[in-house]
Amino acid sequence: MIRYIDEFRQAKAARYIARSIADRMAGINNEVPIRLMEVCGGHTNAIFKFGIRNLLPESIALLSGPGCPVCVTPNRFIDTAIELGRRPDFIITTFGDMIRVPGSRSSLLEERASGSDIRICLSPTEALSIAEDNPGKNTVFLGIGFETTAPSVAVSIIEARERGIAGFSVLSALKTMPEALYALLSSDDLNIDGLICPGHVSSITGTAIYRPIAETFGIPCVVSGFEPPDILSTIDMIVAQIAEGRHDVENQYTRAVRPEGNKRAQDVMRAVFTPCDSRWRGIGTIPGSGLAVSEEYREFDAEFLFSLELPEEREVPGCICGHIMRGAKTPLECPLFSTACTPQDPKGACMVSAEGTCSAYYRYGNR
């Protein structure tokens, strides 16, 4: 494995590609920097961790996009999970990052300290095992993430039915990426010149989902891997398209992403979930961008099963996570960044997750 990773982290290869980017940029007559958005939080983390910005000409600006699933989950969803967790005989199961995200008035971590039964899982299957071990209780799994995560959540629901596991349900905030990209690119204030498309999502969906985006907005879309030469090669491919006046969909991450994606995973998603409107932190409600549990599997839909009356949703005063998720502002423009808001005491979701933009800025600096 070490040898495999080392092959994709060669500094010599990274410097060679960086020179290619600089040469291409020298031939582009642009008065303002070319603005590229890395959609995926994994790319954001890698860009900061490996100092990729330092290898690029100043005429290229990288913006962080909405691809951190924890970051785009709105307070309302966390508030709902907290209220369910306060009920007797409820077990809330979730991925680790979610437990530290502040809701309107509390977090799942604070609720656990107060006595709620809230457990961290590494997978939906682990949540299913918890439900199996706790008959008579309601085990709710918090379904967050994109097309990458949705198939495994769908499989857990199918297994719950097949194995007759009672008391298991999913509170879904699962989202799909193309609709969010449409919403962002339709904004007048972003002016994106190209997309570094998410590798993990694309491994499920394939590359065709970006073709309408490239054609509608006239921008290059390139699916990227996560190692430094991967990301630099992707930027080089985008710059080449801009220099040649093209706006095509290309795949740099061919070792993991097939044009058609993973059809088996797509079938599982379609069997269990149905498109719905979904709220994204900082972007608002995007029609058709969510995945709700379908009527066929309604007995596993926590939102359908458990009615709640929630107090009004609140945001932390001064927090600009919403603007950061849109790529409209950077963490350095937030009055709370690295003072009131740190990884040890996060005020906003972007500081919690390792894929969050604020977390990356804090750990690696603006480089």
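Quick note: numbers below take in every heavy atom, side chains included, and nothing from hydrogens, waters or symmetry partners. We number each residue from 1, following the sequence as shown.
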Participant: First locate atom OG of Ser152, then atom CD of Glu159, and finally report the distance between them rounded to the nearest 0.5 Å.
Facilitator: 10.5 Å

Participant: Step by step, work out the side-chain contact (heavy atoms from CB on, under 4.5 Å) result for Ser64 and Glu38.
Facilitator: CA-CA 5 Å; Ser64 301; Glu38 81 269 6; 2.8 Å; yes

Participant: Can you measure from CZ (Arg24) to CE (Met237) and round to the nearest 0.5 angstrom?
Facilitator: 10.0 Å

Participant: Report whether Val257 and Phe146 are members of the same hydrophobic cluster (ILVMFWY, side-chain heavy atoms less than 4.5 Å apart, transitive linking).
Facilitator: yes

Participant: Atom CD1 in Ile157, atom CD in Glu299: separation rounded to 0.5 Å?
Facilitator: 9.0 Å

Participant: What distance separates Arg279 CZ from Phe77 CZ, expressed to the nearest 0.5 Å?
Facilitator: 12.5 Å

Participant: Going by heavy atoms in the side chains, are Ser359 and Val352 under 4.5 Å from each other?
Facilitator: no

Participant: Shared ILVMFWY cluster between Leu36 and Val222, side chains joined below 4.5 angstrom?
Facilitator: yes

Participant: Establish whether Trp280 and Ile144 are linked, either directly or via other cluster members, by ILVMFWY side-chain heavy-atom contacts under 4.5 Å.
Facilitator: no

Participant: How about Phe95 and Phe141: are their ring centres within less than 6.0 Å of each other?
Facilitator: yes

Participant: Starting from the C-alpha separation in whole Å, work towards a yes-or-no answer on side-chain contact (heavy atoms from CB on, under 4.5 Å) for Leu128 and Arg163.
Facilitator: CA-CA 10 Å; Leu128 195 59; Arg163 293 163 55 189; 3.8 Å; yes

Participant: Is there a side-chain contact between Thr73 and Met98, using heavy atoms and a 4.5 Å cut-off?
Facilitator: yes

Participant: Any side-chain heavy atom of Ile204 within less than 4.5 Å of one from Pro151?
Facilitator: yes

Participant: How about Arg298 and Ser294: does a side-chain donor come under 3.5 Å of a side-chain acceptor?
Facilitator: no

Participant: Would you say Ser233 and Gln252 are linked by a side-chain donor-acceptor pair, where the criterion is simply a distance under 3.5 Å?
Facilitator: no

Participant: Side chains of Arg363 and Asn45: any donor to acceptor distance under 3.5 Å?
Facilitator: yes

Participant: Under a 3.5 Å cutoff, is there a donor and acceptor pairing between the side chains of Ser224 and Thr234?
Facilitator: yes

Participant: From Glu111 CD over to Asp117 CG, what is the distance, rounded to the nearest 0.5 angstrom?
Facilitator: 12.5 Å

Participant: Indicate, with yes or no, if the rings of Phe273 and Tyr297 have centres closer together than 6.0 Å.
Facilitator: no

Participant: Please check if the side chain of Asp79 supplies one atom and the backbone of Ser104 the other of a donor-acceptor pair under 3.5 Å.
Facilitator: yes

Participant: Heavy-atom distance under 4.5 Å between the side chains of Pro66 and Ile283, does that happen here?
Facilitator: yes

Participant: Quick check against the 3.5 Å criterion: does Thr93 have a side-chain atom that pairs as donor or acceptor with the backbone of Val140?
Facilitator: yes

Participant: Give a yes or no answer on whether the side chain of Ser123 reaches the backbone of Glu126 with a donor-acceptor pair at less than 3.5 Å.
Facilitator: yes

Participant: Between Tyr210 and Ser202, does the side-chain hydrogen bond (donor to acceptor under 3.5 Å, both in side chains) criterion hold? Intermediate values first, please.
Facilitator: CA-CA 9 Å; Tyr210 306 111; Ser202 305; 2.8 Å; yes

Participant: Does a side-chain heavy-atom distance below 4.5 Å link Pro346 with Arg100?
Facilitator: yes

Participant: Start with the C-alpha distance between Tyr361 and Phe48, add both sets of side-chain angles, then the distance that settles ring pair (Phe, Tyr, Trp, His ring centres under 6.0 Å), and finish with yes or no.
Facilitator: CA-CA 7 Å; Tyr361 266 74; Phe48 280 92; 4.7 Å; yes

Participant: Does Ile213 offer a backbone N or O that forms a donor-acceptor pair with the side chain of Thr216 under 3.5 Å?
Facilitator: no

Participant: Pro178: which residues meet the side chain to side chain contact (heavy atoms under 4.5 Å, CB included) condition with it, sequence neighbours left out?
Facilitator: Glu147, Thr176, Ile209

Participant: Between Asp89 (side chain only) and Lys137 (backbone N and O only), is there a donor and an acceptor less than 3.5 Å apart?
Facilitator: no

Participant: Counting only heavy atoms not in Glu295 (residues, nucleotides, ligands), do more than 12 fall under 6.0 Å from its CD?
Facilitator: no

Participant: Could you walk me through whether Glu312 and Arg105 pass the salt bridge (Lys or Arg N to Asp or Glu O under 4.0 Å) test, one step at a time?
Facilitator: CA-CA 10 Å; Glu312 183 180 357; Arg105 296 164 182 81; 5.9 Å; no

Participant: Can you confirm if the aromatic rings of Phe226 and His200 lie within a centre distance of less than 6.0 Å?
Facilitator: yes

Participant: Going through the distances and angles, do Leu62 and Ile196 end up as a side-chain contact (heavy atoms from CB on, under 4.5 Å)?
Facilitator: CA-CA 10 Å; Leu62 296 181; Ile196 301 171; 4.3 Å; yes

Participant: Heavy atoms, side chains only, cut-off 4.5 Å: are Ile219 and Asp193 in contact?
Facilitator: no

Participant: Can Ser203 and Tyr253 be counted as having a side-chain donor-acceptor contact under 3.5 angstrom?
Facilitator: no

Participant: Does the pair Thr44 and Glu355 meet the rule for a side-chain hydrogen bond (donor to acceptor under 3.5 Å, both in side chains), with working shown?
Facilitator: CA-CA 7 Å; Thr44 298; Glu355 296 185 356; over 6 Å; no

Participant: Is a donor on one side and an acceptor on the other found under 3.5 Å between the side chain of Asp236 and the backbone of Leu232?
Facilitator: no

Participant: Please check if any side-chain donor atom of Ser353 sits under 3.5 Å from a side-chain acceptor atom of Asp97, or the reverse.
Facilitator: yes

Participant: In Å, rounded to the nearest 0.5 Å, how long is the span from CG of Asp248 to CD of Glu250?
Facilitator: 6.0 Å

Participant: State, without any angle test, whether Asn75 and Arg281 hold a side-chain donor-acceptor pair at a distance under 3.5 Å.
Facilitator: yes

Participant: For the residue pair Met351 and Pro343, establish whether any side-chain heavy-atom pair is separated by less than 4.5 Å.
Facilitator: yes

Participant: Under a 3.5 Å cutoff, is there a donor and acceptor pairing between the side chains of Lys175 and Ser289?
Facilitator: no

Participant: Ile78, Ile120: one ILVMFWY side-chain cluster at the under-4.5 Å cut-off?
Facilitator: yes

Participant: Go through the side-chain N and O atoms of Thr207 and Asn251 and say whether any donor and acceptor fall under 3.5 Å apart.
Facilitator: no

Participant: Below 6.0 angstrom between ring centroids: does that apply to Phe306 and Phe90?
Facilitator: yes

Participant: Ignoring hydrogens and geometry, is there a side-chain-to-backbone donor-acceptor pair from Glu303 to Ser172 under 3.5 Å?
Facilitator: no

Participant: Under a 3.5 Å distance rule, please check whether Arg326 uses its side chain to pair with a backbone N or O of Leu184 as donor and acceptor.
Facilitator: no

Participant: Evaluate the salt bridge (Lys or Arg N to Asp or Glu O under 4.0 Å) criterion for residues Asp267 and Arg270: first the C-alpha distance (whole Å), next the side-chain angles of each, then the deciding distance (0.1 Å), finally the verdict.
Facilitator: CA-CA 5 Å; Asp267 290 342; Arg270 278 193 288 267; 3.0 Å; yes

Participant: Which is it for Leu108 and Leu142 under the side-chain contact (heavy atoms from CB on, under 4.5 Å) test, yes or no, and what are the steps along the way?
Facilitator: CA-CA 11 Å; Leu108 291 168; Leu142 305 184; 3.8 Å; yes

Participant: Given ring pair (Phe, Tyr, Trp, His ring centres under 6.0 Å), test Tyr364 with Phe50 step by step and report yes or no.
Facilitator: CA-CA 9 Å; Tyr364 302 115; Phe50 296 109; 8.5 Å; no

Participant: Keeping the roles fixed (side chain from Ser20, backbone from Tyr16), state whether a donor-acceptor pair exists under 3.5 Å.
Facilitator: no

Participant: Looking at Thr80, is its backbone amide N or carbonyl O close enough to the side chain of Glu83 to form a donor-acceptor pair, meaning the two atoms are under 3.5 Å apart?
Facilitator: no

Participant: Are Val155 and Pro124 side-chain neighbours, meaning at least one heavy-atom pair lies under 4.5 Å?
Facilitator: no

Participant: Do Ile324 and Val39 belong to the same hydrophobic cluster, where Ile, Leu, Val, Met, Phe, Trp and Tyr are linked whenever their side-chain heavy atoms lie under 4.5 Å apart, directly or via other members?
Facilitator: no

